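Please read the structure below before turning to the comments.
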2 protein chains.
Amino acid sequence: MRQSERRRKILGKLSEAPFASVQDLQNLVGASEATIRRDLRKLADDGALKRVHGGVERPETQTSHLAGTPLARNKQINVVQKRAIARTAAGLIEPGETIVIDGGSTTSLLCPFLADLDLQVLTNSLPIVEQLLLSPRTRLLVPGGEVFREQNIILSPFEEDGTAECFASKILMGAQALSPVGLLQADSILIRAERRLMARAEKVIVLADSTKFERKTGLVLCPLSEIDTVVTDAGISAKSRNMLEKAGVEVVIAED
Amino acid sequence: MRQSERRRKILGKLSEAPFASVQDLQNLVGASEATIRRDLRKLADDGALKRVHGGVERPETQTSHLAGTPLARNKQINVVQKRAIARTAAGLIEPGETIVIDGGSTTSLLCPFLADLDLQVLTNSLPIVEQLLLSPRTRLLVPGGEVFREQNIILSPFEEDGTAECFASKILMGAQALSPVGLLQADSILIRAERRLMARAEKVIVLADSTKFERKTGLVLCPLSEIDTVVTDAGISAKSRNMLEKAGVEVVIAED
DNA sequence: CCTCGAAACGCTCATATACAATCATTATAC
DNA sequence: GTATAATGATTGTATATGAGCGTTTCGAGG
């Protein structure tokens, strides 16, 4: 088997399973152990995977924006719940509205449910732009600025980003975590972009599966009081729900 | 077997299978190994295929998601010349420069040749953004505005599009036609976008295969005198060349 | 906490294949 | 007919692969 095909298969295997032993891969591609190891070393050098004793794992951070971004990996976690949340959140949108969609693994799932709503959508997320391009009934707006590869978003270093004239009824956004101190996000670049977008929308709707209430770490994007609605799944604890409602946040539970 | 027929068959083979070994191709076209390898080197230089140890694969730069759009259809005409023009035009760019790239079927072909030049690129073309995202050494800037599906570009209806602070040494653009009255473009939306971008660059470089000098129809984007350089192929007539040089335009002929 | 065995690993070498460079020959254009 | 380009064979070099062997790592059991 050719080298390129072998390596492609190895990467493919890793996209299915989080771990693969050298023997697994040997059976998969039919090469000798030495050859497999050479492939693994090369791929690890490229950052496409991480070597561990006994085999390989997915890497911590991948910069290839196709298969391996943190976003793509994150996407595989809780997909079912996230999709249900996305469907419910899309139900909160009226046909013909102008909305803002912030980039993220959860919000990307919104796109299929928005196709026929004749929306005007402002987003800084390139994956979302790509998906919504397929819905001819959606008008798409993007801010100007620099493209950040890791987050796959556009962010202007300046105040003026070409969207000054755009004002939306709602913004849909994701979160790293939701804690009493507010909405937490992992990345300071994301935070800058999101603050900018939030200023363009009247109501703030946050999509967050219930695991987001267990996490506590991140950078504070805004206090809970600035959030109007949180869409989550049935796994949310009474305590977390109480926390949100005390802060004046409407809680919507997505049905599977 | 003629050279052109051989190369056509090689490309045809690759459109069927994702990989072809040198021996496969040898059986296919009946030439010696050395000749096949020469063909492969040329085709790989043009970016039409990717060489791997043992044979060739399809290049990765195939934009799948807009098959069928006018742009995608246009792309198939004169690909070889256009790629040669793109390669030559890329040679006019210095490492580290800040440049503007206008969307279009010819300018899209530039991307593979720009990957390692550490450029800062401002473009309103989504396909170009997508391709250049794969080159981590390139900084990408986009203007803000609405996404126009047919042309696959971003265009702001307002003056301010978030790129006011960006000024480039060169703009690379395509054309519908080049006639004595000036550079012609087919679409009024394109014209608005291009005028905006031209204002951000010092030198104007136009990529136009020689068939563009036969056409006469379109909307005038600018007079020839505003163009600094035209990169074209050897098919340009003496008359057309004279027309350009009289207007003070430098003419560069791309080598195959 | 230490020891020990098995598995995993890296290294080196031998071999096979693929590749690039060169040169002589043939086809093609002018 | 000559000049130029294209082709094919040859030779040396580079790369890929698999096997052997000493070393390291891991985990179980004392």
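The figures here come from the full heavy-atom set of this structure, side chains too, leaving out hydrogens, waters and symmetry mates. Sequence lines set the chain letters: A, B, ... in the order given, protein chains first and strands last, and positions in each chain run from 1. Here the structure is a predicted model, which means the values were calculated and not measured.
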Over how many whole Å does the gap from [X] atom [atom1] to [N] atom [atom2] extend?
X      : N       : atom1 : atom2 : answer
R7(A)  : dT15(D) : CZ    : P     : 13 Å
D39(B) : dT7(D)  : CG    : P     : 7 Å
F19(A) : dA8(C)  : CZ    : P     : 9 Å
I36(A) : dT17(D) : CD1   : P     : 10 Å
L40(B) : dA6(D)  : CG    : P     : 16 Å
M1(A)  : dG18(D) : CE    : P     : 11 Å

Practice prompt. Kindly give the heavy-atom pair with the smallest separation between L197(B) and N124(B), and that separation in Å.
Written response: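 Between these two residues, the closest heavy atoms are CD1-ND2, 3.4 Å.
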
Worksheet item: Where the side chain of Q3(B) is defined as all heavy atoms beyond and including C-beta, which of dG8(D), dA16(D), dA6(D) is the nearest nucleotide?
Response: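 Given the options dG8(D), dA16(D), dA6(D), the side chain of Q3(B) is closest to dA6(D).
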
What protein N or O atoms touch nucleotides 14-22 of chain C N or O atoms at under 3.5 angstrom, if any, and at what distances?
from: dA18(C); atom 1: O4'; to: H53(B); atom 2: NE2; distance (Å): 3.3
from: dA18(C); atom 1: O3'; to: G54(B); atom 2: N; distance (Å): 3.1
from: dC19(C); atom 1: OP1; to: V52(B); atom 2: O; distance (Å): 3.2
from: dC19(C); atom 1: OP1; to: G54(B); atom 2: N; distance (Å): 2.7
from: dC19(C); atom 1: OP2; to: R37(B); atom 2: NH1; distance (Å): 2.5
from: dC19(C); atom 1: OP2; to: R37(B); atom 2: NH2; distance (Å): 2.8
from: dC19(C); atom 1: O5'; to: R37(B); atom 2: NH1; distance (Å): 3.0
from: dA20(C); atom 1: OP2; to: R51(B); atom 2: NH1; distance (Å): 3.3
from: dA20(C); atom 1: OP2; to: R51(B); atom 2: NH2; distance (Å): 3.4

Fill in: T35(A) vs dG18(D): side-chain N/O to OP1/OP2 distance below 4.0 Å
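Answer yes for this pair, as a side-chain N or O of T35(A) is under 4.0 Å from OP1 or OP2.
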
Determine whether the side chains of [X] and [Y] contain a donor N or O and an acceptor N or O closer than 3.5 Å.
X       : Y       : result
E57(B)  : S4(A)   : yes
T107(B) : D102(B) : no
S135(B) : R137(B) : no
E33(B)  : Q26(B)  : no
Q151(A) : D187(A) : yes
S169(B) : K203(B) : no

Report each atom pair, protein N/O against N/O of nucleotides 25-29 of chain C, whose distance is under 3.5 angstrom.
none

Discussion item. So that I can tick it off, tell me whether D39(A) and R6(A) are bridged by a salt bridge, with the cut-off set at under 4.0 angstrom between side-chain N and carboxylate O.
Written reply: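 Judged by the 4.0 Å cut-off on N to carboxylate O distance, R6(A) and D39(A) do form a salt bridge.
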
Worksheet item: With sugar-phosphate meaning primed atoms plus P, OP1 and OP2, does R2(A) contact a base, only sugar-phosphate, or nothing at under 4.0 Å between heavy atoms?
Response: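 Counting heavy atoms under 4.0 Å across all strands, no contact is made by R2(A).
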
Worksheet item: Can you find a pair of side-chain heavy atoms, one from F167(B) and one from E202(B), that are under 4.5 Å apart?
Response: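 Yes, at least one pair of side-chain atoms sits under 4.5 Å.
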
